[in-house]
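Please read the structure below before turning to the comments.
Heads up: numbering here begins at 1 and tracks the sequence.
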Amino acid sequence: MNLFIGIDVGTSAMKFLLMDASGAILNTVTKAYPLEFPQPGWSQQNPADWKTALFEGIPQLLAGFDASQVAGIGCGGQMHGLVILDEADEVIRPAILWNDGRTAKQVDYLNQVIGKDKLTEWTANIAFAGFTAPKLLWVREQEPENFARIAKIMLPKDYINYLLTGVHSCDYSDASGTLLLDVKNKRWSPQMLALCGVSERQLPKLFESCDCIGTVKPKIAAVLGLPEQVRVCAGAGDNAAAAVGTGVVGEGGCNLSLGTSGTVFLSSEAFRPDPTNGLHAFAHADGGWHFMGCMLSAASCNKWFSEEILKTTDYQAQQDAIPKELLGENPVFFLPYLMGERSPINDTNARGVFLGMRMDTTREHLVLAVLEGVAFAMRDSVEVARRLGCEITACKICGGGAKSALWKRIFANVLNCDMQVPVSEQGPGMGGAMLAMVACGVYPDVKSCCKQLVSLSEMIKPEPDLAEKYEKRYRQFQKIYPTCKNLFPELII
């Protein structure tokens, strides 16, 4: 029996799962690590913490199992993070993460001076603060001594793959979020490399997500308790990996990931960039392409409000106290832009707002407003997709927030479409393991693997009366950001 390891290189933790070829998940392990916020709006992480998690997590995952049966490893990982290595492959500085907002100046330069039209022509996308290219420009400007030492530019999950194999690699889905990739032609963009002052020699080799990049190095295999012939696939960005894990491949699939960030992911067999640049146009882990809308604070809004404001970790108790008749009737709105926002507004200055509070406002109004605000903000990306001709009548849902029955019901009615819950909600980790299966030849391609292994456990349908109420509330929500937009820059400290 062959076994496969899926690794989710997340923002707050690295999650490991052990799966057999039938798709059964045999074991899971989570290793948490810290985030650093050196200045307001900045977010970074020490890759040494990822390394520690990797070397502790895999042996724990394999405890009690026959490690000699492990055939492949696949990673899904947080996208856009800038990991820079020197000539000795040592990390130069902490990785600047996807939710970091320090690059507003560089984003403005790229979008306004270089121009959105040129960026779209070269990469199929425009600049967002979270993307990797603006971070490179920031390092070049603010830390020239570090920029001069760069020998390799990598992404978080690719650093894990490097630790395992010694190969500097990147897959097309993750590379799409760097703003350094010519997405249509699946090659590094010479124009963007020149603009950023780097050479192709400093970039990793590009692969399809299910390609085998190499095997685990003998010394590393010995430390981890793995056989030396374990194959490592290129893996995928976390959203593309989660889409594989939920079976959103081929034409017309939709996945909603409700994690620290929130994403709306729409798969396509054809390359179709968004002319409005409201959604990202990226390569997919199945060999095709996808649209993606990403909001920076999704389930993290609920975590923030519960833990920092209400001082509780009992999320379920807060939701259980909400009167069911309050759904669709909540007078309080929440704008969920705690870290600025990406899709579709692309505004690093945006901030969180509660609106509509009165003397009779209760704790339950505010808890519900947070859940609804995230759903409304994610609908903004769905609206862009619908204007592009995407028909969204059903959507898979995964991520930590998808464990909430109330939140799934809210999403079904705010989006007015079926919410389909996969049997496994392991997301990027499961997708990584499935990509490893393809790399090992267990399945001929990613679509075949998804068809065989992904099934549904639950479907939540919209309720016509409630969907109508939420339609009205959403139209009101849409007016809040435009009204506050010009005020946000004045509030930045």
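From Leu62, atom CG reaches atom CG of Leu224 across 8.5 Å, with rounding to the nearest 0.5 Å. Going from atom CG of Leu435 over to atom CD1 of Ile73 covers 13.5 Å, rounded to the nearest 0.5 Å. In this structure, CD1 on Ile397 lies 8.5 Å from CG on Asn255, to the nearest 0.5 angstrom. For the atom pair OH (Tyr159) and CE (Met154), the distance works out to 9.0 Å, reported to the nearest 0.5 Å. Note that NE2 of His80 is 12.5 Å distant from CG of Leu82, once rounded to the nearest 0.5 Å. For the atom pair NZ (Lys303) and OH (Tyr315), the distance works out to 4.5 Å, reported to the nearest 0.5 Å.
Closest heavy-atom contact between Leu18 and Phe65: CD2-CG, 3.7 Å. Closest approach of Ala236 and Ala241 over heavy atoms only: CB-N, 3.9 Å. Heavy atoms only, all atoms of each residue included: Leu179 and Asn125 are closest at CD1-O, 3.8 Å.
Here Asn349 pairs with nothing under the side-chain hydrogen bond (donor to acceptor under 3.5 Å, both in side chains) rule; sequence neighbours left out.
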Determine, step by step, whether Leu258 and Cys398 satisfy the side chain to side chain contact (heavy atoms under 4.5 Å, CB included) criterion, reporting the C-alpha distance in whole Å, the side-chain angles of both residues, the deciding distance to 0.1 Å, and the verdict. CA-CA 6 Å; Leu258 195 54; Cys398 67; over 6 Å; no
Applying side chain to side chain contact (heavy atoms under 4.5 Å, CB included), run through Cys417 and Phe411 and close with a yes or a no. CA-CA 8 Å; Cys417 72; Phe411 267 101; over 6 Å; no
Evaluate the criterion ring-ring contact (aromatic ring centres under 6.0 Å, His included) for residue pair Phe305 and Phe354; output intermediate values, then yes/no. CA-CA 12 Å; Phe305 188 68; Phe354 278 106; 5.7 Å; yes
Could you give me the CA-CA distance, side-chain angles and deciding distance for Met295 and Val374, then say whether side chain to side chain contact (heavy atoms under 4.5 Å, CB included) is met? CA-CA 9 Å; Met295 63 179 298; Val374 172; 4.0 Å; yes
How far apart are the C-alpha atoms of Glu364 and Gln318, what are their side-chain angles, what is the distance that settles it, and do they pass the side-chain hydrogen bond (donor to acceptor under 3.5 Å, both in side chains) test? CA-CA 7 Å; Glu364 290 73 31; Gln318 306 310 309; over 6 Å; no
Might you work through the side chain to side chain contact (heavy atoms under 4.5 Å, CB included) test for Lys31 and Val29, ending with a clear yes or no? CA-CA 7 Å; Lys31 305 296 292 185; Val29 167; 4.0 Å; yes
Run the side-chain hydrogen bond (donor to acceptor under 3.5 Å, both in side chains) check on Asp158 and Ser169 step by step: do they pass? CA-CA 6 Å; Asp158 301 324; Ser169 68; 4.6 Å; no
Can Trp50 and Gln45 be said to form a side-chain hydrogen bond (donor to acceptor under 3.5 Å, both in side chains), step by step? CA-CA 9 Å; Trp50 303 337; Gln45 210 154 47; 3.1 Å; yes
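Residues Glu372 and Arg473 are not paired through a salt bridge, judged by the lack of any N-O separation under 4.0 Å between the basic side chain and the carboxylate. Salt bridge status for Lys447 with Glu269: present, with a side-chain N to carboxylate O gap under 4.0 Å. Arg475 has a carboxylate O that lies under 4.0 Å from a charged side-chain N of Glu471, or vice versa, which qualifies the two as a salt bridge. Here Asp171 pairs with Lys157 in a salt bridge; the nearest charged N to carboxylate O distance falls below 4.0 Å.
If you check the side chains of Gln478 and Arg379, you find no donor sitting under 3.5 Å from an acceptor. For Asp380 and Tyr474, the side-chain atoms include at least one donor-acceptor pair closer than 3.5 Å. At a cut-off of 3.5 Å, with distance as the only test, no side-chain donor of Asp347 or Tyr337 sits close to an acceptor on the other residue. A donor and an acceptor atom, one from each side chain of Thr11 and Trp98, are located under 3.5 Å apart. Between the side chains of Gln112 and Asp108, no donor-acceptor pair is found at a separation under 3.5 Å. Counting only N and O atoms by type, the side chains of Asp20 and Ser22 include a donor and acceptor under 3.5 Å apart.
Not a single donor-acceptor pair under 3.5 Å links the side chain of Asn413 to the backbone N or O of Leu466. Using a distance-only test at 3.5 Å, with no hydrogens or angles considered, a donor-acceptor pair links the side chain of Thr52 to the main chain of Ala48. Side-chain N or O atoms of Thr263 include none that pairs as donor or acceptor with a backbone N or O of Gly293 at under 3.5 Å.
Figure legend: cation-pi geometry between Arg272 and Trp289 absent, as NZ or CZ is not positioned both under 6.0 Å from the six-membered ring centre and within 45° of its axis.
In this pair, Tyr470 and Phe376 present their aromatic rings perpendicular. The plane angle is above 60°, beyond the 30 to 60° band.
Side-chain contact check for Thr361 versus Leu366: some heavy-atom pair is nearer than 4.5 Å. Counting heavy atoms from C-beta on, the side chains of Met434 and Cys449 come closer than 4.5 Å.
Counting only residues at least two apart or on different chains, the side-chain hydrogen bond (donor to acceptor under 3.5 Å, both in side chains) pairs with a member in residues 398-409 are Gln319-Ser404, Lys408-Glu458, Arg409-Glu463. Listed by first then second residue, pairs satisfying side-chain hydrogen bond (donor to acceptor under 3.5 Å, both in side chains) with a partner in residues 351-360 read Arg358-Asp360, not counting sequence neighbours.
The aromatic ring centres of His280 and Phe131 sit less than 6.0 Å apart. Aromatic rings of His284 and Phe265 (six-membered ring for Trp) have centroids within the 6.0 Å cut-off, being under it.
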